[in-house]
Amino acid sequence: MKAHLTPSNATTSLPWPWFLPAFLVGIVALAVLYGEMRVRTGSIWPGVALHTVSNAISTPLLLHGHLRLEGHADVWVGIAPHAIASMVIFGGLGFHLYRRRIAERP
(Lines give C-alpha, C1' and ligand atoms only; values in the text may rest on other atoms or scores of the structure.)
Protein backbone atom coordinates (compact mmCIF):
# COMPACT_ATOMS: atom_id res chain seq x y z
CA MET A 1 0.00 0.00 0.00
CA LYS A 2 1.41 3.38 -1.01
CA ALA A 3 1.59 6.04 1.71
CA HIS A 4 -0.30 9.26 1.10
CA LEU A 5 2.06 12.19 0.61
CA THR A 6 1.37 15.43 2.42
CA PRO A 7 3.39 18.61 1.91
CA SER A 8 5.35 17.96 5.10
CA ASN A 9 6.46 14.38 4.41
CA ALA A 10 7.01 15.09 0.71
CA THR A 11 9.36 17.94 1.58
CA THR A 12 11.45 16.51 4.39
CA SER A 13 12.38 13.33 6.19
CA LEU A 14 13.07 15.23 9.39
CA PRO A 15 10.71 15.29 12.36
CA TRP A 16 9.10 18.68 13.02
CA PRO A 17 11.31 19.62 16.01
CA TRP A 18 14.38 19.33 13.72
CA PHE A 19 12.77 20.59 10.55
CA LEU A 20 11.47 23.93 11.86
CA PRO A 21 14.83 25.33 13.08
CA ALA A 22 16.58 24.11 9.91
CA PHE A 23 13.87 25.66 7.77
CA LEU A 24 14.14 28.99 9.62
CA VAL A 25 17.92 29.07 9.11
CA GLY A 26 17.36 28.38 5.42
CA ILE A 27 14.79 31.16 5.18
CA VAL A 28 17.21 33.61 6.82
CA ALA A 29 19.88 32.62 4.28
CA LEU A 30 17.42 33.31 1.46
CA ALA A 31 16.41 36.61 3.09
CA VAL A 32 20.04 37.76 3.08
CA LEU A 33 20.33 36.96 -0.62
CA TYR A 34 17.02 38.60 -1.53
CA GLY A 35 17.84 41.62 0.62
CA GLU A 36 21.22 42.11 -1.04
CA MET A 37 19.60 41.78 -4.45
CA ARG A 38 17.14 44.52 -3.43
CA VAL A 39 19.87 46.83 -2.15
CA ARG A 40 22.15 46.31 -5.17
CA THR A 41 19.48 46.68 -7.85
CA GLY A 42 17.19 49.19 -6.12
CA SER A 43 14.23 47.01 -7.08
CA ILE A 44 12.34 44.16 -5.49
CA TRP A 45 11.68 42.51 -8.86
CA PRO A 46 14.89 40.45 -9.20
CA GLY A 47 14.13 38.86 -5.83
CA VAL A 48 10.50 38.30 -6.78
CA ALA A 49 11.60 36.67 -10.04
CA LEU A 50 14.15 34.41 -8.29
CA HIS A 51 11.62 33.41 -5.65
CA THR A 52 8.95 32.67 -8.26
CA VAL A 53 11.26 30.60 -10.44
CA SER A 54 12.65 28.63 -7.50
CA ASN A 55 9.14 27.84 -6.23
CA ALA A 56 7.93 26.97 -9.73
CA ILE A 57 10.74 24.43 -10.05
CA SER A 58 11.01 22.99 -6.55
CA THR A 59 7.36 22.72 -5.52
CA PRO A 60 6.19 20.41 -8.34
CA LEU A 61 9.35 18.31 -8.03
CA LEU A 62 8.79 17.75 -4.33
CA LEU A 63 5.02 17.55 -4.01
CA HIS A 64 4.38 15.41 -7.07
CA GLY A 65 7.09 12.93 -6.15
CA HIS A 66 9.38 13.57 -9.13
CA LEU A 67 12.37 14.05 -6.84
CA ARG A 68 12.99 11.34 -4.28
CA LEU A 69 15.95 11.31 -1.94
CA GLU A 70 16.65 8.25 0.20
CA GLY A 71 17.07 8.43 3.95
CA HIS A 72 17.95 11.90 5.17
CA ALA A 73 19.62 12.97 1.91
CA ASP A 74 17.10 15.82 1.66
CA VAL A 75 18.77 17.37 4.69
CA TRP A 76 22.13 17.52 2.88
CA VAL A 77 21.38 18.07 -0.81
CA GLY A 78 17.66 18.72 -1.13
CA ILE A 79 16.27 21.70 -3.02
CA ALA A 80 14.16 23.01 -0.14
CA PRO A 81 15.40 25.80 2.16
CA HIS A 82 16.08 23.41 5.05
CA ALA A 83 18.81 21.57 3.10
CA ILE A 84 22.36 22.31 4.17
CA ALA A 85 23.46 22.71 0.54
CA SER A 86 20.75 25.35 -0.02
CA MET A 87 21.76 27.19 3.15
CA VAL A 88 25.42 27.22 2.14
CA ILE A 89 24.79 28.24 -1.48
CA PHE A 90 22.16 30.93 -0.91
CA GLY A 91 23.57 32.17 2.40
CA GLY A 92 27.10 32.18 1.00
CA LEU A 93 26.02 34.07 -2.11
CA GLY A 94 24.09 36.61 -0.04
CA PHE A 95 27.00 37.06 2.37
CA HIS A 96 29.41 37.45 -0.56
CA LEU A 97 27.21 40.16 -2.10
CA TYR A 98 27.00 41.88 1.28
CA ARG A 99 30.79 41.82 1.77
CA ARG A 100 31.35 43.19 -1.74
CA ARG A 101 28.86 45.99 -1.14
CA ILE A 102 30.55 46.93 2.14
CA ALA A 103 33.99 46.84 0.48
CA GLU A 104 32.77 49.11 -2.35
CA ARG A 105 31.69 51.86 0.04
CA PRO A 106 33.73 55.05 -0.30
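What you see is a predicted model; the values in this text were computed from it and never measured.
Under the salt bridge (Lys or Arg N to Asp or Glu O under 4.0 Å) criterion, R99 pairs with no residue, sequence neighbours left out.
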Using atom types as modelled, flag every donor-acceptor pair under 3.5 Å from a side chain in residues 22-41 to any protein atom, sequence neighbours excluded.
from, atom 1, to, atom 2, distance (Å)
E36, OE1, R101, NE, 2.9
E36, OE2, R101, NE, 3.4
E36, OE2, R101, NH2, 2.6
T41, OG1, M37, O, 2.7
T41, OG1, S43, N, 3.2
T41, OG1, S43, O, 3.1

Acceptor/donor pairs from residues 45-53 side chains to any protein atom, 3.5 angstrom cut, sequence neighbours excluded:
from, atom 1, to, atom 2, distance (Å)
H51, NE2, N55, ND2, 3.4
T52, OG1, V48, O, 2.8

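Here ring-ring contact (aromatic ring centres under 6.0 Å, His included) pairs that include residues 87-106, with residues two or more places apart or in two chains, number zero. Identified under the salt bridge (charged side-chain N to carboxylate O under 4.0 Å, His left out) test for residues 47-57, with sequence neighbours left out: none. Residue pairs meeting the salt bridge (charged side-chain N to carboxylate O under 4.0 Å, His left out) criterion with at least one member in residues 48-60: none, sequence neighbours excluded.
Remark: I84 CD1 to M87 CE distance equals 6.0 Å, nearest 0.5 Å.
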